[in-house]
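By convention here, the first residue in the shown sequence is residue 1.
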Amino acid sequence: MRTRTTLTCLLTAISATAATLALAAPAAEAAGSVHLAKIYYDSPGTDRGSDASLNAEWVTITNSTSRAVSLKGWTLTDAANHKYTFGSYSLGAGKTVKVHTGPGTDTKSDRYQNRGWYVWNNDKDTATLRKSGGAKAGACAYNSTRSDYKNC
């Protein structure tokens, strides 16, 4: 009788552990984040404000989760509070979007702030990504020890 009770307890414990692991699997699958990946803050050549020069200044945001994430209402700001707000946009699982400073037509992989002058300082600045509710999703600061970009 004692062996049967011990065996029943052991099987119950194994079943409970298996159920817990099965429930934890989706959480592990959803691991990752939407985060700042790179800032190209010093576009090539002289800063004269041409569309090509403005659009050579950009920030990449990467979704390393296993699901698409809506970025509607998310904001990207610099230290001087130049703010870009995402409209209706979904960043696919494992995808990256490049947010350019200048004018252009938005695509799945490229978004445009449509600004007429530069946002990211060539010497130092901080990019901050916030969710639609205002919670910080990440920040990336640089102090120009490198000539043109910062990996976050």
_With a 4.5 Å cut-off on side-chain heavy-atom distances among I, L, V, M, F, W and Y, is there a chain of contacts connecting Ile39 to Val34?_
yes
_Single-linkage hydrophobic cluster Ile61~Tyr112, side-chain heavy atoms < 4.5 angstrom_ = no
*Hydrophobic cluster mates of Leu54, side-chain heavy atoms under 4.5 angstrom, ILVMFWY only, any path?*
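The other cluster members (ILVMFWY side chains, heavy atoms under 4.5 Å, direct or chained) are Trp117, Tyr118.
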With rounding to the nearest 0.5 angstrom, report the [atom1] to [atom2] distance, [X] to [Y].
X	Y	atom1	atom2	result
Asp125	Lys150	CG	NZ	12.5 Å
Tyr84	Arg115	OH	CZ	10.5 Å
Leu129	Thr77	CG	OG1	8.5 Å
Tyr142	Asp42	OH	CG	8.5 Å
Thr85	Gln113	OG1	CD	9.5 Å

Throw together a table of side-chain donor-acceptor distances under 3.5 angstrom for residues 90-100, partners on residues two or more places apart or in other chains.
from, atom 1, to, atom 2, distance (Å)
Thr96, OG1, Thr62, OG1, 2.9
His100, ND1, Asn55, O, 2.7
His100, NE2, Asp110, OD1, 2.7

*asked:* side chain to side chain contact (heavy atoms under 4.5 Å, CB included) for Tyr89 and Lys72? Distances and angles first, verdict last.
replied: CA-CA 6 Å; Tyr89 177 73; Lys72 183 176 183 177; over 6 Å; no
*Are the side chains of Cys152 and His35 in touch, meaning some heavy atoms are under 4.5 Å apart?*
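Cys152 vs His35: side chains apart.
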*Test of ring centre spacing under 6.0 Å for Trp74 and Phe86*: no
*Applying side-chain hydrogen bond (donor to acceptor under 3.5 Å, both in side chains), run through Asp148 and Tyr40 and close with a yes or a no.*
CA-CA 6 Å; Asp148 52 4; Tyr40 200 101; 3.1 Å; yes
Give a yes or no on whether the backbone of [Y] and the side-chain of [X] come within a donor-acceptor separation of less than 3.5 Å.
X	Y	result
Ser43	Glu57	no
Asn63	Thr65	yes
Ser53	Arg48	no

*asked:* Looking at every heavy atom in both Ala141 and Thr126, which two are closest together, and how far apart are they?
replied: CB-OG1, 3.5 Å
*Taking every non-hydrogen atom, the tightest pair across Leu76 and Ala127*: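 Between these two residues, the closest heavy atoms are CD1-CB, 4.3 Å.
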*Cationic tip of Lys38 within the cone over Tyr149's six-membered ring, i.e. under 6.0 Å and within 45° of the normal?*
yes
